[in-house]
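Taking it in order: structure first as structure tokens, then the write-up.
Start at 1 with the first residue, then count along the sequence.
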Amino acid sequence: MFYIIGGVATLLFLLVIIVFKEKPKHPPSRAQSLSYALASCDASYFSSIVRLFKNLNFVLLIITYGLNAGAFYALSTLLNRMVILHYPGEEVNAGRIGLTIVIAGMLGAVISGIWLDKSKTYKNLCHPNCLIR
């Protein structure tokens, strides 16, 4: 069974390599043709990373995501120990607490995304002058 899946995947890979081109002969839109015209050949991966880290909003996003992910990972790693220390024999409830944290985070992300989409308040959050106060 794995040989069949491997064969089909290899066949599809070879077809993609042979059939698909890097870009079409004619651009699909005016914006894409302008993008082709303005594209510089000297753009490298390193220069794009440097340009990305010069963007204040991206740096703030990285910091806030890092704080959020770090707090979650630390809490979820030590949750079992913290619960067992104060409530011996409650491993099942420690798992339920962890599940509740994960589900609340997922729902919070969805709800805040819907809220930002409906209210368009994300535009106010990205203004650089709000950091000067």
**Request:** Following the transitive rule for hydrophobic clusters with a side-chain heavy-atom cut-off under 4.5 Å over Ile, Leu, Val, Met, Phe, Trp and Tyr, establish whether Leu11 and Phe20 coincide in one cluster.
**Result:** no
**Message:** Nearest 0.5 Å, please: how far is OG in Ser119 from CD1 in Ile114?
**Reply:** 11.5 Å
**Derivation and outcome, side-chain contact (heavy atoms from CB on, under 4.5 Å), residues Asn55 and Arg51** = CA-CA 7 Å; Asn55 184 347; Arg51 193 174 62 239; over 6 Å; no
**Message:** Hydrophobic clustering (ILVMFWY, side-chain heavy atoms < 4.5 Å, transitive) - are Phe46 and Phe53 grouped together?
**Reply:** no
**Fill in**
Residue pairs passing the side-chain hydrogen bond (donor to acceptor under 3.5 Å, both in side chains) test with at least one member in residues 69-89, sequence neighbours excluded, are none
**Prompt:** Taking all non-hydrogen atoms of both residues, which atom of Leu75 and which atom of Met82 are closest, and how far apart?
**Reply:** CD1-CE, 3.4 Å
**Prompt:** In terms of hydrophobic clusters joined by side-chain contacts under 4.5 Å, are Ile62 and Tyr45 together?
**Reply:** yes
**Complete:** Rounded to the nearest 0.5 Å, the CG atom of Leu79 sits from the CD1 atom of Ile84 at a distance of 9.0 Å
**Asked** Is there a side-chain contact between Arg96 and Asn93, using heavy atoms and a 4.5 Å cut-off?
**Response** yes
**Item:** Heavy-atom check, side chain of Leu12 versus side chain of Val16, under 4.5 Å
**Value:** no
**Request:** Say whether Met106 and Ile101 are linked into one hydrophobic cluster, either directly or through other cluster members, by side-chain heavy-atom distances under 4.5 angstrom.
**Result:** yes
**Request:** Using the rule that two of Ile, Leu, Val, Met, Phe, Trp, Tyr join whenever any of their side-chain heavy atoms come within less than 4.5 Å, decide whether Phe58 and Ile49 are in one cluster.
**Result:** yes
**Message:** Please report the interatomic distance CG(Leu56) to CG(Leu61), rounded to the nearest 0.5 Å.
**Reply:** 11.0 Å
**Fill in**
Sequence neighbours excluded, the answer for side-chain hydrogen bond (donor to acceptor under 3.5 Å, both in side chains) partners of Asn68 is none
